[in-house]
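Okay, structure first, notes after.
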Amino acid sequence: MLEAISQIASFHMDPVVTNLLQKALPFDRDTKTLWKALAENPASSNKILRALIDKLENGLEEDLAGMDAIAVACAIHEVLSTGIPVTGLYPELFTLLLKLISCTLGQKMPTSGLSHRRRVMQKGERQQMADPCRLSTTTLKCVQAQAMREGLAKESDEGDNLWALLNNSSTHHIGVCALARSMAVWQHGVILDIMEHLFSSLTSSSENYRITGTAFFSELMKEPILWKHGNLREVLILMDQSAWDSNSILRQMAIRGLGNAASGAPHKVKKHKQIILESIIRGLYHLARTDVVCESLKSLKKILELLTDRDVSFYFKEIVLQTRTFFEDEQDDVRLTAIFLFENLASLTGRRWKIFFAEEIKKSMISFLLHLWDPNPKVGTACRDVLMVSIPFLGLQELYGVLDHLLDGQDLPRARDFYRQFCAKLAKKNQEILWILHTHSFPFFSSSWEIIRSAAIKLTDAIVLNLTNQYMELVDREQLTARLQTLRQDPCISVQRAAEAALQTLLRKCKEATIFL
């Protein structure tokens, strides 16, 4: 019977495929056997995949997916499980299944599409059948496995987690980016075909599909060979428009693509620097979504590395002021990227912004000094590096010796010892900056990080110890004493001890200056 059906299919493929696709989902054992028989029979194997691709393409014409498209995906999975080659059809197959995943995100399968056997299905199978996106993802996973065997793709850096990311609405864009990175760049002919098929996604009426396409292209923007042979110039224009979209995920992916263009086509970035900078800078104001902010900071860092101080001059002040607002962000990645970007900005001051940047360094130094002991060691290292870059702007080269204790490969010195050495050197050179550090320290006493609260108190201790009598007269002793008294009741023991020590230092200093509390 299987041989007979395979022979019929070799002459009349479309009616056979149409008939099998009308079988109820999930396919029963007999139907699965028929699909596999068609794939394994030499007379029909060359036509079966082509016929299914055409059916899937017709089922997704309006960027919407119905039960027919889901059935085709299930059929493709059965066919590919036989090991049938995908070479030649891979670009179409890949893009259609990715589109199907995008169009079925968050959908549930209509109960009318399920067979009467639904009542006796196993619980796990029933849950899978109720999720068409997972079915589509399983088929794409099968396609990618075959593509890897044929050298058309490579293993994803996310491993098997990729597929869980893809079929979840909140992480779909992350999965798509990982999928794009798994493309075999050396097969640029294959990728160019995929790009051609996916280009329409950037202007799709389906928001989900626009996000999918933008996320995929955002990763390809970093590949010079694709800029050379592909249509990424048109993609760049569409991404710049999407960077202003009301959908925050779409904005994030578009901004990532603009930033990655710095690696793939630096000449294009320089040519269109004004519109690109304006689109990315706008992302810094999207405070409701830290993902957009972080992406903007990262993209700005990449773009600014290509530009001169003259290129950036018009935007310099705005970028500096916005970047500073993220030094205390709760997200490690945002803090770290903001500090990296601030360090890069030091090389773009030119004559016009040198004095302004020096003043911003004075206001920012308290953050850099305290976050040397950040809960994330990478942030601490970034703070050390930005301090080294900032010191010449303030004429404080004498402090290099103290910062040498923070070099890589050495254990961090005790915070109290470091701050006392630092403030002692600073006091001899510039009492004004020492005073600025003091006036900016109070907000850190209520930091959510115990280690930062403790560091803020130890820095205050060192500042008070090294202030001259003239500046000590300006200290709001009542407010400082009240805050330190409160911190003596802090839940963290190290904060309590630091507050007690700072109180004793304040009392001694007041007595020396003949100022009585």
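Every value quoted in this text rests on a predicted model; they were computed, and no experiment measured them.
Put simply, OG1 on Thr137 and CD1 on Ile101 are 4.0 Å apart, with the number rounded to the nearest 0.5 Å. To the nearest 0.5 Å, the span separating NZ on Lys378 from CD1 on Ile339 amounts to 13.5 Å. Here the CG-CZ distance, from Asn376 to Arg335, works out to 6.5 Å after rounding to the nearest 0.5 Å. Rounded to the nearest 0.5 angstrom, Asp14 CG and Asn19 CG are separated by 11.0 Å. Atom OG in Ser347 sits 8.5 Å away from atom CD in Glu305 (nearest 0.5 Å). Rounding to the nearest 0.5 angstrom, the gap separating the CD1 atom in Ile451 from the CG atom in Asp374 is 8.0 Å.
A salt bridge links Asp157 with Arg181: at least one charged nitrogen is closer than 4.0 Å to a carboxylate oxygen.
Checking side-chain atoms of Thr171 against main-chain N and O of Ile174 turns up no donor-acceptor pair under 3.5 Å. Remark: side-chain polar atoms of Ser201 are paired, donor with acceptor, to backbone N or O of Leu198 under 3.5 angstrom. When atom types are taken as modelled, the side chain of Thr95 and the backbone of Pro91 share a donor-acceptor pair closer than 3.5 angstrom. A side-chain donor-acceptor contact under 3.5 Å links Trp227 to the backbone of Met221. Formation of a donor-acceptor pair under 3.5 Å by the Thr349 side chain with backbone atoms of Lys354 is not found in this model. Ser204 contributes no side-chain N or O that, together with a main-chain N or O of Ser200, makes up a donor-acceptor pair within less than 3.5 Å. Judged purely by atom type and a 3.5 angstrom limit, Thr139 uses its side chain to pair as donor or acceptor with the backbone of Leu135. Checked by atom type and distance alone, the side chain of Arg251 pairs as donor or acceptor with a backbone atom of Ala243 at under 3.5 Å. Using modelled atom types, no side-chain atom of Thr337 and backbone atom of Cys294 make a donor-acceptor pair closer than 3.5 Å.
Listed by chain and residue number, nothing satisfies the ring pair (Phe, Tyr, Trp, His ring centres under 6.0 Å) test with Tyr315 (two or more places apart in sequence, or in another chain). Shown here are the side-chain hydrogen bond (donor to acceptor under 3.5 Å, both in side chains) partners of Ser170, two or more places apart in sequence or in another chain: Asn168.
A side-chain N or O of Gln146 and one of Glu150 form a donor-acceptor pair less than 3.5 Å apart. A donor atom on one side chain and an acceptor atom on the other are found under 3.5 Å apart for Ser364 and Arg324. Defined by atom type and a distance below 3.5 Å, a donor-acceptor pair is missing between the side-chain atoms of Ser218 and Arg256. With 3.5 Å as the limit, one finds no donor-acceptor pair spanning the side chains of Asn260 and Ser263.
You'll find the side chain of Phe326 reaches within 4.5 Å of the side chain of Leu287, heavy atoms only. Side-chain contact between Ile76 and Trp35 is absent, with no heavy atoms from C-beta onward closer than 4.5 Å. Residues Leu297 and Asp333 are not in side-chain contact: their nearest non-hydrogen atoms beyond the backbone lie 4.5 Å or more apart. You'll find the side chain of Ile281 stays beyond 4.5 Å of the side chain of Ser296, heavy atoms only. Two residues are said to be in side-chain contact when any heavy atoms from C-beta on lie closer than 4.5 Å; Phe368 and Asp385 fail this criterion. Asp68 places none of its side-chain heavy atoms less than 4.5 Å from the side chain of Asn58. Looking at Leu277 and Leu307, their side chains come closer than 4.5 Å, going by heavy atoms from C-beta outward.
Listed here is the closest heavy atom pair of Trp449 and Pro375: CD1-CG, 3.5 Å. Here the closest non-hydrogen pair linking Leu97 and Leu56 is CD2-CD2, 4.0 Å. Scanning all heavy atoms of the two residues, the minimum distance from Cys177 to Met253 falls at SG-SD, 3.6 Å. Nearest heavy-atom pair, Ser313 versus Arg352, reported as atom, atom and distance to 0.1 Å: OG-NH1, 3.2 Å. Across all non-hydrogen atoms, the minimal contact from Gly283 to Ile255 is CA-CD1, 4.2 Å. Across all their heavy atoms, Thr325 and Leu321 have their closest contact at CG2-O, 3.4 Å.
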Donor-acceptor pairs are to be reported for all side-chain atoms of residues 77-84 against protein atoms at under 3.5 Å, with residues two or more places apart or in another chain.
unit_1, atom_1, unit_2, atom_2, d
Ser81, OG, Glu78, O, 2.6
Thr82, OG1, Val79, O, 2.6

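Ring-plane geometry between Phe357 and Phe393 is classed as perpendicular, the angle between the planes exceeding 60 degrees on a 0 to 90 degree scale with a lower cut at 30. Between Trp353 and Phe356, the angle of the ring planes goes over 60°, which puts this pair in the perpendicular group of the 30/60° scheme. Using bins of under 30°, 30° to 60° and over 60° for the plane-to-plane angle, the ring pair His371/Phe444 lands in the perpendicular bin.
Checked against the 6.0 Å centroid threshold, Phe216 and Phe199 do not count as a close aromatic pair.
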Subject >> side-chain hydrogen bond (donor to acceptor under 3.5 Å, both in side chains) between Asp240 and Ser279, worked out >> reply: CA-CA 7 Å; Asp240 182 71; Ser279 298; 2.5 Å; yes
Subject >> Verdict with supporting geometry, Lys298 and Glu295, salt bridge (charged side-chain N to carboxylate O under 4.0 Å, His left out) >> reply: CA-CA 5 Å; Lys298 289 178 179 178; Glu295 206 67 62; 5.6 Å; no
**OP:** Could you check Glu219 against Lys222 for salt bridge (charged side-chain N to carboxylate O under 4.0 Å, His left out), going step by step and ending with a plain yes or no?
**Re:** CA-CA 6 Å; Glu219 291 293 333; Lys222 66 175 73 164; 3.0 Å; yes
**OP:** Apply side-chain hydrogen bond (donor to acceptor under 3.5 Å, both in side chains) to the pair Ser367 and Glu328, showing each step before the final yes or no.
**Re:** CA-CA 8 Å; Ser367 291; Glu328 302 305 320; 2.7 Å; yes
Original post:
Could you walk me through whether Asp311 and Thr308 pass the side-chain hydrogen bond (donor to acceptor under 3.5 Å, both in side chains) check?
Top reply: CA-CA 5 Å; Asp311 294 330; Thr308 66; 3.1 Å; yes
**OP:** Report the C-alpha distance between Lys301 and Glu343 in whole Å, list the side-chain angles of each, state the deciding distance to 0.1 Å, and finish with yes or no for salt bridge (charged side-chain N to carboxylate O under 4.0 Å, His left out).
**Re:** CA-CA 10 Å; Lys301 183 178 182 297; Glu343 181 184 351; over 6 Å; no
**OP:** Decide yes or no on side-chain hydrogen bond (donor to acceptor under 3.5 Å, both in side chains) for Asp28 and Thr31, but give the supporting numbers first.
**Re:** CA-CA 5 Å; Asp28 59 26; Thr31 307; 2.7 Å; yes
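Exactly one residue among Glu155, Gln144, Glu158, Met148 makes a side chain to side chain contact (heavy atoms under 4.5 Å, CB included) with Ser182. That residue is Gln144. Just one residue in the list His197, His229, Gln187 forms a side chain to side chain contact (heavy atoms under 4.5 Å, CB included) with Leu192, and that residue is His229. For the side chain to side chain donor-acceptor pair (under 3.5 Å) criterion with Thr212, the lone passing option out of Glu207, Lys99, His172, His173 is His172.
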